[in-house]
J.: 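Next up is a structure, given as structure tokens.
In this text, all values refer to a predicted model and were calculated from it rather than measured experimentally. Along the sequence shown, residues are numbered consecutively beginning with 1. Atoms considered below: every heavy atom in the structure, side chains included; atoms not considered: hydrogens, waters and symmetry mates.
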Amino acid sequence: MKSKTFKTVAIVFGIALFMSTNSYAQSQNRKERKEPPTFSELLKEMDKNEDGKLSKDEIKGPLKEDFSKVDTDEDGFITDEEFKNAPKPERKKRNK
């Protein structure tokens, strides 16, 4: 009887430990995704010709959709300064 109880407790404890570790890892990933990328991170990812600025052909995602709002001097490129002064995108509204 003690052996069966011990096995049950060990299994329950193992499942609880797995669940708590898994949910902690997921919450850590959510925090990382909420922060917008820095300009240097975008350059590393998208600046194909490595000129230190981003053209409309190089970028993708929401930044491409708002390119004209960010490119304030209308030279066809987004620079670090323009990116820092860019308007923040509107958050999507949740249906409750």
J.: So do I78 and F39 actually touch side chain to side chain, heavy atoms under 4.5 Å?
T.: yes

J.: To the nearest 0.5 Å, what is the distance between CD (E58) and CG (N49)?
T.: 4.5 Å

J.: With rounding to the nearest 0.5 angstrom, report the OG to NZ distance, S55 to K64.
T.: 8.0 Å

J.: Check whether any side-chain N or O of E82 sits under 3.5 Å from a backbone N or O of T79 as a donor-acceptor pair, and report yes or no.
T.: yes

J.: Could you measure the distance from the CG atom of L43 to the OG1 atom of T38? Nearest 0.5 Å is fine.
T.: 8.5 Å

J.: Can you tell me how far apart CZ (F77) and CG (D47) are? Round to the nearest 0.5 Å.
T.: 9.5 Å

J.: Given side chain to side chain contact (heavy atoms under 4.5 Å, CB included), test L63 with V70 step by step and report yes or no.
T.: CA-CA 8 Å; L63 185 58; V70 180; 4.0 Å; yes

J.: D71 side chain to F67 main-chain N or O, any donor-acceptor pair under 3.5 Å?
T.: no

J.: So, taking the atom named NZ in K60 and the one named CD in E65, what distance separates them when rounded to the nearest 0.5 Å?
T.: 13.5 Å

J.: For L54 versus L42, what's the shortest heavy-atom pair and its separation?
T.: CD1-CB, 4.0 Å

J.: How far does CD of E41 sit from CE of M46, to the nearest 0.5 angstrom?
T.: 10.5 Å

